[in-house]
Novice: 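Below you will find the structure I want to go over with you.
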Amino acid sequence: MSEDRSSRGRGVGHRRRSPPRLVEYLLGSLLPHGDFAFAVLGDLEEEYHEVLRTRSGFLASCWYWFEGLRLVSRYGWRRVQRSSPGSAAPQRHAAGPAPTGSAALPPAHPPLPRGKKPMKTYLDDLLRDCAYGYRTLKKRPGFVAISVLVLAIAIGAVTVMYSTLDGVVLSPLPYDDPDRLFAVLSVTDQGRENTTSALDYYDYRDRSDVFEALAARCWCRPGRVITGEDEPERVSSTFVSPNFFAMFRVTPLMGRSFRVEEALQEGPRVVVLGHGYWQRRLGGNPGVIGTAITIDGQPFEVVGVLPPEFRDPDGIELWMPMRRGDGWTSGRGNNNFRLFGRLADDVTLEEAQSQMDVLAAQIAEAYPGSKRDWGIRLRPLHEVMFGDLRPAMMVLMGAVGLFLLIACANLSSLFLARVTSRHNEIALRLSLGAPRSAIIRQLLVESFLVTVAGAVLGLLLARYGIRAVQAFGPANLPRLDTLAINGKVLLVAGLVTVATALLFGILPAVRGTKVGLVQALKEGSQSTDTGQSLRMRGVLVVAQVALSLMLLIGAGLLIRSFLTLSNVDPGFEIENVLTFDLQPPPHQYDTTERMALYFAQVQEEVLAVPGVTGFGGVEQLPFLGGPWNHVWAADNPPADPADRLRATRRRASVGYFRAMGIPLIAGRTFEPTDTPESTRVAIISQELASLAFPEGNALGNEIVLTFTGGDPFQIVGIAGDVADYGLGREPAAIFYVPHLQFPTPVLRMALRSDGDPLALVPSVRERIWLLDSDVPISNIRTMESIAANSTAEGRFVTSLLVLFAGLALLLACMGLYGVLAYFVSQRSREVGVRMALGASSNNVVGAVVRRGMILTGIGTLFGIGGSVALSSLIASSLYEIGGTDPATYVAVVALLLLVALAACVLPSRRAARVDPVIALRSE
Amino acid sequence: MSEKTFLGEFEQMVLLAILRTGDNAYAVPIRNEIEERAARRVSRGALYTTLERLEAKGFVESRMGEPTAERGGRSRRTYAVAALGLEALENSRSAMANLWQGLDSVTEESQ
């Protein structure tokens with residue numbers, strides 16, 4: 001058949017897309033059944049593919065929606081007509097433009113004919129209102145377009161924000177009975193939440209009976225080197241208690257979880273694989289259970305593979321049992337584990353908390369050295385994981401809500417203007433006997449039509465908005481990939497649509513039908529009652545200005561806070577520093593000498609690369625937190641263990657301070673002569689020096705660092721403070737010890753170059769691999785990107801708020817302009833008279849601008865009041881400025897007044913150009 | 001006079017467009033033909049309605065064609081003018097022609 005040529009031999013890149021299913025389904029159910037429906041849908045799909053071929057997918061979808069809905073309305077209308085017998089005959093149009101003028105009135109309310117059900121009449125009336133409304137709106141495409149656009153942006157924004165809020169914060173955890181899951185946190189003697197030690201865990205587990213299961217997981221994420229393949233891979237692992245997966249009620253996809261014997265000190269070496277790793281590196285091999293893989297040079301038996309739904313937020317791919325007696329689980333004061341519990345069925349939170357309090361007190365009393373005055377706290381797991389995102393999301397939801405209100409006020413004003421100009425039509429209908437409620441209903445239906453159109457477009461925009469959030473949102477926002485427009489989101493969007501339509505539609509509908517009948521008819525085609533409507537629109541403009549100002553102030557405060565934060569001195573030089581992790585496999589580098597030699601060689605090689613101006617390594621980079629220990633001055637031990645200082649520990653290699661650009665205040669940095677045989681030395685941060693040695697005699701003195709027992713270290717240098725816990729936090733007390741004396745299996749190297757450090761990656765990598773190709777280099781990133789990540793969330797919220805505030809300002813100005821333009825057009829005669837009597841154009845301009853600025857001024861006052869009232873809500877997100885920072889308020893108000901002035905000037909210029917003769921003549 | 005059948009204006013256009021399109025006259029080319037030749041916007045809904053009506057009156061006949069992948073596996077409904085339709089067309093045309101006779105100059109002058 002000749003018609004087949006179009007379906008074969010199409011261009012290579014042509015995807016078989018299908019038209020939007022929803023419209024297709026609607027049409028399918030409304031069209032008369034059988035071949036006819038088939039043919040119509042087929043024709044439509046054919047033309048869809050034509051648009052798809054010549055334009056784009058997006059346009060094709062829009063086209064299909066548009067044409068589909070047109071057909072839907074036609075056939076839907078027919079369906080309704082056929083199903084209600086005796087309803088008044090609808091207007092029959094030939095295929096052509098609707099009749100204009102007063103003949104476009106809907107038929108007057110028909111006399112109730114033989115035995116009709118009132119419900120059917122109401123439905124009929126509504127549908128008639130829809131048809132009439134559609135025809136009326138069609139005559140003002142510009143007005144409709146603007147309204148639909150404004151609504152689309154507002155409803156789309158609400159949809160995207162709610163979807164984000166729901167997906168990221170509100171959604172329950174993907175486990176069975178998630179509200180029975182709790183995080184069990186230790187509370188230090190200073191009231192801060194902390195991790196717990198394994199020994200504490202064993203005690204809690206053995207002595208409590210309020211949990212169905214109490215599990216533990218190491219906070220550590222040691223990278224393991226898996227050899228036996230071409231490139232050594234470093235994979236994150238962690239230790240968990242044998243009941244960890246069972247507690248979450250996660251059954252492995254294959255194999256099993258850990259057995260109790262595997263958690264003993266000399267137990268067999270076993271591992272459970274994450275699903276991603278199994279797929280990626282082992283090709284989803286179904287026979288993997290029982291086989292061995294080589295981790296850090298040792299064979300481990302694979303006993304289980306996790307299901308794909310279990311996704312770990314930290315990216316752990318290897319799970320090992322925590323074993324009694326090894327480094328991580330020994331020591332009452334080594335708080336390396338996080339505890340999680342599932343409450344037993346008949347236990348309440350209060351009961352569990354009180355029992356755990358008792359047990360914690362027992363431990364505190366038995367081990368005053370490390371746990372004196374420590375407590376325990378149960379918090380819902382959901383809150384611990386997602387709780388601190390709440391404030392930011394609430395700010396965004398609030399902003400979006402404000403924006404929606406502004407849009408409503410704007411549309412109310414627009415519709416009010418429109419309704420005012422239809423006074424005569426309405427007056428005529430009222431005089432013909434139409435009840436006021438019927439006209440109000442019809443006007444409301446028009447608002448609904450526009451709002452629904454806006455909502456549909458808004459949902460389409462929301463799809464792209466969600467993708468934008470996923471692409472540009474901060475990476476640490478959990479569950480970002482699960483965002484979607486699901487049933488809940490649609491429901492919320494629907495409710496918002498209905499509420500919006502009512503909110504902005506009720507005012508024009510009610511006001512529009514308050515016409516003085518006789519008045520209107522007398523004055524013929526001139527509009528009446530403009531004074532009241534003008535006042536009403538003025539009120540709406542004031543509302544828009546006030547709300548916009550609140551958004552602008554919020555945005556301004558966030559911007560200022562963010563800029564301040566960005567300018568905080570982190571204590572070292574962030575630019576031009578590259579970092580990567582180096583992890584010599586422990587089975588090949590099993591002695592300190594070997595490790596020391598290796599790193600020394602690496603240092604030499606890398607420093608020889610042209611462009612490298614500094615190179616060194618450290619146990620953990622700034623901004624990423626890290627392990628802490630108790631410290632005190634050797635000659636001044638604290639009498640009370642509660643007075644002990646805490647300091648972050650950093651094992652650093654030679655050259656680290658130079659590479660990071662951390663200034664040396666006094667003394668020296670580490671040298672190759674600081675070996676395991678020489679004196680134990682340490683470098684402390686200025687903050688720690690002032691805390692431990694308030695008399696300023698830190699240098700040369702001795703300090704006790706508890707991570708090696710109680711031996712004193714000699715302080716050989718004092719370094720500048722570094723923002724170790726992120727910009728904007730207090731400077732941390734830090735102590736550094738030489739890596740040579742206390743080696744760690746993985747060192748994070750910092751490389752400083754004189755140019756772009758990324759350009760040096762290939763040559764540095766090559767040199768390091770020449771030394772030993774079995775050593776993996778991972779996590780290559782610049783220090784700048786790490787710093788940027790730590791402020792990513794703030795940046796995200798700020799950018800969105802700025803966007804909304806900008807749009808809101810635009811809307812408010814449009815509203816202002818509209819009111820003033822209307823004012824000018826209504827008073828053109830008066831202006832003409834004034835000018836004829838000698839007023840200069842400046843006077844006229846002045847009068848209009850004055851009116852506009854008065855409106856703006858009132859709105860500003862309300863806006864400031866509102867901002868101050870809500871300032872506490874945003875204060876928690878701000879850094880170093882209060883919610884009522886005067887400088888920001890002044891700047892924002894000035895901006896608003898300036899922009900508003902511009903919006904006032906335009907219509908006033910038009911007023912000034914009125915020719916008095918023409919104005920007077922129009923009488 | 002016998003009962004002659006006449007056509008509405010749009011119905012005439014549709015029939016003529018079917019004749020012009022020839023083989024394979026389904027909704028899409030019919031519509032294109034009218035829009036191009038008569039320079040008139042045609043809504044799909046109106047076209048389908050008219051085609052249905054014409055078929056109900058016996059002026060056109062339709063048949064279903066082969067399904068194609070481009071149409072999502074659906075077949076085309078092609079139309080052809082029936083004898084009755086040709087007759088109605090001729091009636092309308094001659095009626096108009098007779099009424100127009102002698103009035104060609106009217107439209108010229110009013111330019």
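Just so it is clear, the model here is predicted, and its values are computed rather than measured. Chain identifiers are assigned alphabetically (A, B, ...) following the order of the sequence lines, protein sequences preceding nucleic acid strands; residue numbering begins at 1 within each chain.
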Novice: Hey, is CD1 on A:Ile146 packed in by over 12 heavy atoms from elsewhere, all under 6.0 Å?
Specialist: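 Counting other residues, nucleotides and ligands, CD1 of A:Ile146 stays at 12 neighbours or fewer.
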Novice: Please indicate whether A:Arg422 has more than 12 foreign heavy atoms, meaning atoms of other residues, nucleotides or ligands, lying under 6.0 Å from its CZ.
Specialist: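 Yes, because the 6.0 Å sphere around CZ of A:Arg422 holds more than 12 heavy atoms from other groups.
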Novice: For chain B, which of A:Leu41, A:Leu44, A:Leu71 has the most heavy-atom pairs under 4.5 Å?
Specialist: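 Among A:Leu41, A:Leu44, A:Leu71, the one with the most close pairs to chain B is A:Leu41.
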Novice: Given A:Asp43, which of B:Arg74, B:Arg44, B:Arg31, B:Arg71 fulfils the side-chain contact (heavy atoms from CB on, under 4.5 Å) condition?
Specialist: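 Output: one option passes, namely B:Arg71.
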Novice: What distance separates B:Asn32 CG from A:Glu47 CD, expressed to the nearest 0.5 Å?
Specialist: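 One gets 6.5 Å once the value is rounded to the nearest 0.5 Å.
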Novice: With sequence neighbours left out, what residues match A:Phe448 under ring pair (Phe, Tyr, Trp, His ring centres under 6.0 Å)?
Specialist: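 Partners of A:Phe448 under the ring pair (Phe, Tyr, Trp, His ring centres under 6.0 Å) test: none.
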Novice: Is any side-chain heavy atom of A:Glu46 closer than 4.5 Å to a side-chain heavy atom of B:Tyr26?
Specialist: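 In short, these two side chains touch, coming nearer than 4.5 Å.
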Novice: Taking side chain as everything from C-beta outward and backbone as N, CA, C, O, which of these in B:Glu9 sits under 4.5 Å from a heavy atom of chain A? Side chain, backbone, both or neither.
Specialist: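 Neither part; nothing is under 4.5 Å.
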Novice: Evaluate whether atom CG of B:Asp23 has more than 12 neighbouring non-hydrogen atoms of other residues, nucleotides or ligands under 6.0 angstrom away.
Specialist: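 Count not over threshold, so no.
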Novice: Between CZ of A:Phe36 and CD of B:Glu55, what distance do you get to the nearest 0.5 Å?
Specialist: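 Separation between the atoms: 9.5 Å.
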Novice: If I compare all heavy atoms of B:Arg77 with all of A:Ala39, which pair ends up nearest, and what's the gap?
Specialist: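 The answer is CB-CB, 3.5 Å.
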Novice: Count the heavy atoms of every other residue, nucleotide or ligand shown that sit under 6.0 Å from CD of B:Glu35, and state whether that count exceeds 12.
Specialist: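 Yes, because the 6.0 Å sphere around CD of B:Glu35 holds more than 12 heavy atoms from other groups.
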